[in-house]
Amino acid sequence: MKINAPRGFQDILPAQVWKWQMIEAIARDTAELYHFQEIRTPVVEYSELFHRGVGESSDIVTKETFTFNDRGGESLTLRPEGTAGVVRAAIENNLIAQEGVRAKLFYIAPNFRYERPQKGRLRQHHQFGAEAFGIAEPEQDVECIQLQMDFYRKCGLNELELNINSLGDGPSKQGYRDALVAFLSPKKGQLGEDSQRRLESNPLRILDSKDPRDQEAVAGAPPASGYLSDQSQRHFQRVCQLLDESGIVYRLNPNLVRGFDYYTETLWEVTAGGLGAQNAIGGGGRYDNLVQLLGGRAVPGVGFGSGLERLLIALEAQQVELKKVSQPLVYLISQNDAARQANLGLIRQLRQAGIACEMDPSGRSMKAQLKQADREQATVCLIRGQAELESDSAQLKNLSTGQQQNVSISQLVSALINILKPCK
RNA sequence: GUGGUUGUAGCUCAGUUGGCAGAGCACUAGGUUGUGGUCCUAGGGGUCGCGGGUUCAAAUCCCGUCAGCCACCCCA
């Protein structure tokens, strides 16, 4: 019986893996350029972490987690997002034990959400994310945004838009929520079914609904900016000013709301062309209450997560060419059994000398071997038959020019290194 | 969880009114007994997603189911 990968889970095959390695390398290089350090946390956490962290009322926790009991009866959950686990690890390992101690961490890791798959949406997806703890100033928000945007720029992504908004600190957010409910309640009948329900559970989300009925009802709603405390207002203005100064183009979007309960103050989302309906490629925000909520000191934090599958989709749609670099390959070809036997020893020597080699041990025709070498994009073929065995030499054939030369075995390694050097 | 749509060779797909399961590409071999890419010739490869039903006869019609894709919800 044939067994497929579970719904919404995807194999990343050799033909694609090099792209992953490339964008992962860009992510690491860029994060380290900003002096963020990599952290790797477990794929599973106690379920309570996400309930408390992401929020009991958020959709992600209520209906999208992979949750199960282990054999001891503990409830575990596959991580649905990156921040909560990093905060837990930072607290547990005393990385942010004291106020004023700064920790800047990044990760590249899979997340799991039980959803119906569609374009740009899977049950396992991967994110590059970064979290900065200990600094409440808007400079830290902007450093995160700069890192994120630099990452996209280095990957070659062109069509993208940064949306930004502020919901203010806790009291500001609550005040705005109440005001919005007061504004929308009389119009409840005009809202879509989903939003009528959200009016109680998560009214802020009605702001960024796609339903035209909701958009019409929301049109005259008061903006969050009117409910920000003085301090929150100053914070947000400073963020915008710093973005201006660093030449980052953004759009103030008063309807931008994000799905995690822990966000306070600044929040942002980057959208990209070519992604279909799920056009968010990454998002982030400040979460000044989260560390304390999860049992740490009152340490502020800010960070982002960026979806790598969606980045690759966007790069493809925008026809961005990633440059593939691979090691030049030498393909050993044997005319007969004796040559094949000799090449088995030779290939080991060449590999130990640091030269990537391949050969076909099955005794097929030379034509078939050459064809295979061509298919695998070998740079050089090393051909040995009866004549070469007797003269202790090998033919080296350059597959792109077709030129061929005879080289003695004693000089083989240096000759190959010479030929391959300009190909790296 | 809801809706739409598509499942035929490794891949992309055709298949008429229900009447022998097809093409292109890819693969293997030969043309060339020591040389790839181009070309020519031949060959291999199928649970027509799966299960049931109608029929003399089903890839084709009906019912169910599973999966992929797309959209809603939500999010990266």
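Chain identifiers are assigned alphabetically (A, B, ...) following the order of the sequence lines, protein sequences preceding nucleic acid strands; residue numbering begins at 1 within each chain. The model shown is predicted, which means the values in this text are computed figures rather than measured ones.
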Mind checking if [X] touches a base, just sugar-phosphate, or nothing, with heavy atoms under 4.0 Å?
X: Q395(A); answer: base
X: A387(A); answer: base
X: I333(A); answer: nothing

Any idea which of [options] is nearest the [X] side chain?
X: R116(A); options: rG30(B), rU28(B), rG1(B); value: rG1(B)
X: L370(A); options: rG68(B), rU35(B), rC70(B); value: rU35(B)
X: R205(A); options: rA76(B), rC75(B), rG37(B); value: rC75(B)
X: A277(A); options: rU35(B), rA71(B), rA76(B); value: rA71(B)

When the nearest nucleotide of RNA chain B is assigned to G307(A) and to G276(A) on a heavy-atom basis, which residue is associated with the more 5' position? G276(A)
How far, in whole Å, is rU8(B) from rC69(B) if one measures between their P atoms? 14 Å
Any N/O donor-acceptor pair, [X] side-chain to [N] base, under 3.5 Å:
X: R113(A); N: rA76(B); value: yes
X: K397(A); N: rU35(B); value: yes
X: E376(A); N: rG36(B); value: no

Applying ring pair (Phe, Tyr, Trp, His ring centres under 6.0 Å), run through F128(A) and F304(A) and close with a yes or a no. CA-CA 8 Å; F128(A) 162 50; F304(A) 69 87; 5.6 Å; yes
